[in-house]
Visitor: 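Dumping the structure here so I can ask a few things about it.
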Amino acid sequence: MSIHVVLKNPGEKLIHIDAEFNGNVIATIHLSGDFFIYPEEAINDIEQSLHGMPANKKFLEQKIVELLKNKNIEMVGISASTIVQGIMEAFLQHEN
Amino acid sequence: MKTKWRLIVHGALQPSWNMAVDSALLHCTVEQPVLRLYRWHKPAITIGYFQDIEKEVNSELCRNDDVSIIRRVTGGGAVFHHEEITYSIVHPLQGPFGKGIMDSYALIARPFVTALKAMGVTAQYSPINDIIVAGKKISGSAQTRKEGKLLQHGTILVATDTEKMFSYLTIDPKKVKQEGKPVITLSEIVKDLTKERIYEQLIQAIINSFKEIFDIEFEEADITQQEKSVAFDLEQKYFSNEQWNCRRLSP
């Protein structure tokens with residue numbers, strides 16, 4: 001079952017996170033909202049990099065930060081920590 | 001010598017064509033920067049590149065009211081377009097326009113703040129992508145960068161039916177609570193002019209502000225045959241195509 005979390009952290013844009021988990025592993029992840037990612041197509045890379053990854057805050061944040069750096073992706077109005085915060089909130093709901 | 005920009009002033013055009021022309025300008029521009037000013041033939045909604053249409057828009061109501069919903073090539077939020085001046089700028093990523101993304105949002109906001117001032121309206125840039133008057137949003141914008149160029153498009157509200165706007169858009173309460181920024185329009189502030197006079201004066205004020213701030217000259221011209229042809233293809237492939245407009249739906 002897909003879990004939906006909405007976050008709007010101060011100074012950032014709104015992000016919707018729809019995630020499914022298989023145990024503690026991210027089975028599907030879908031990000032949407034009014035943020036900006038440059039280049040735009042990189043949202044697919046971000047989502048793909050999270051598929052099959054364990055729902056671990058530190059690990060996921062590092063994974064996204066590395067991807068942004070390696071692929072020269074810039075996010076405006078959204079941050080790696082907010083994406084991970086949303087995933088962890090969804091995971092918490094999955095566990096409960 | 002002053003830099004020459006192309007100025008394109010369009011009237012009210014079809015929503016999907018408006019978005020297609022902006023994208024065609026981005027693809028076809030080689031060196032000369034472009035400022036395009038345009039209006040909307042009928043009310044429409046554009047949603048940001050990353051938005052899920054079902055989460056942002058009351059699609060059924062839009063369908064019933066013949067309000068098109070079009071996905072932009074730029075990020076940002078859903079916008080109800082009707083009585084406004086929309087602008088688009090295409091500029092190579094050079095000089096001050098080639099700096100950071102946030103820097104270029106601030107830079108491009110300057111002539112619009114100045115144009116509003118010329119109309120007696122005290123406005124200010126509100127990062128990331130808004131211009132506000134007394135805490136209320138009068139202008140929003142969105143930028144993409146491709147092939148060494150930037151395309152930024154944005155709106156300046158002349159009038160709006162807020163009741164309709166909020167019936168079409170499903171704005172998340174978290175956003176309303178934190179950002180507030182209810183909208184304000186020029187016709188609410190500039191009360192001694194008719195809407196048509198506001199449009200005329202605003203267009204002139206924007207042109208003057210661009211000349212003054214960027215020290216440029218404009219050459220007024222329409223889009224070229226090549227741009228028209230590219231826009232036609234893009235309109236078919238993307239902006240009037242339901243597959244494009246409805247992508248990024250959650251599972």
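For the numbers below, each heavy atom of this structure counts, side chains included, while hydrogens, waters and symmetry mates do not. Every chain is numbered from 1 and lettered A, B, ... according to where its sequence line falls, protein lines coming before strand lines. Predicted model only: the values in this text are computed from it and were never measured.
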Visitor: With a 4.5 angstrom heavy-atom cut-off, which part of A/Glu47 approaches chain B: side chain, backbone, both or neither?
Guide: side chain
Visitor: Tell me whether A/Phe21 at atom CZ has more than 12 heavy atoms from other residues, nucleotides or ligands lying less than 6.0 Å away.
Guide: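 Count over threshold, so yes.
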Visitor: Is it the case that atom NZ in B/Lys42 sees more than 12 heavy atoms from other parts of the structure closer than 6.0 Å?
Guide: yes
Visitor: Check whether more than 12 heavy atoms from other residues, nucleotides or ligands sit under 6.0 Å from atom CG of A/Asn72, and answer yes or no.
Guide: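 Open.
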Visitor: Heavy-atom pairs under 4.5 Å with chain A are the metric here; pick the option from B/Gly76, B/Gly75, B/Ala78 that has the most.
Guide: B/Gly76
Visitor: How far apart are the closest heavy atoms of A/Ser32 and B/Asp52, and which atoms are they?
Guide: OG-CB, 3.8 Å
Visitor: Under 4.5 Å heavy-atom distance to chain A, tell me which part of B/Ala142 shows up: side chain, backbone, both or neither.
Guide: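 The answer is both parts of B/Ala142.
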Visitor: Side chain to side chain contact (heavy atoms under 4.5 Å, CB included), that's the test. Do B/Asn129 and A/Lys13 meet it? Break it down for me.
Guide: CA-CA 11 Å; B/Asn129 54 335; A/Lys13 299 288 189 180; 2.8 Å; yes
Visitor: At their closest point, which heavy atom of A/Phe35 faces which heavy atom of B/Phe50, and how far apart are they?
Guide: O-CD1, 3.3 Å
Visitor: Around atom CD of B/Gln243, are there more than 12 heavy atoms of other residues, nucleotides or ligands at under 6.0 Å?
Guide: no
Visitor: How about B/Lys146: does its NZ atom have over 12 heavy atoms from other parts shown lying under 6.0 Å from it?
Guide: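 Result for NZ/B/Lys146: enclosed.
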Visitor: Quick one: what part of A/Ile37 sits under 4.5 Å from any heavy atom of chain B, side chain, backbone, both or neither?
Guide: both
Visitor: Just wondering, more than 12 heavy atoms not from B/Glu242 lying within 6.0 Å of its CD?
Guide: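 Count not over threshold, so no.
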Visitor: Any Lys/Arg nitrogen of A/Glu40 or B/Arg145 sitting under 4.0 Å from an Asp/Glu carboxylate oxygen of the other?
Guide: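 Salt bridge: no.
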Visitor: Under a 4.5 Å heavy-atom cut-off, does chain A meet the side chain of B/Glu56, its backbone, both or neither?
Guide: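 Interface part for B/Glu56: side chain.
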Visitor: Which bit of A/Phe36 is near chain B, if near means a heavy-atom gap under 4.5 Å: side chain, backbone, both or neither?
Guide: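 Looking at A/Phe36, backbone and side chain both touch chain B.
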Visitor: So does B/Asn64 have more than 12 non-hydrogen atoms from other groups sitting under 6.0 Å from CG?
Guide: yes
Visitor: Are B/Lys55 and A/Asp18 within salt-bridge range, i.e. N to O under 4.0 Å?
Guide: yes
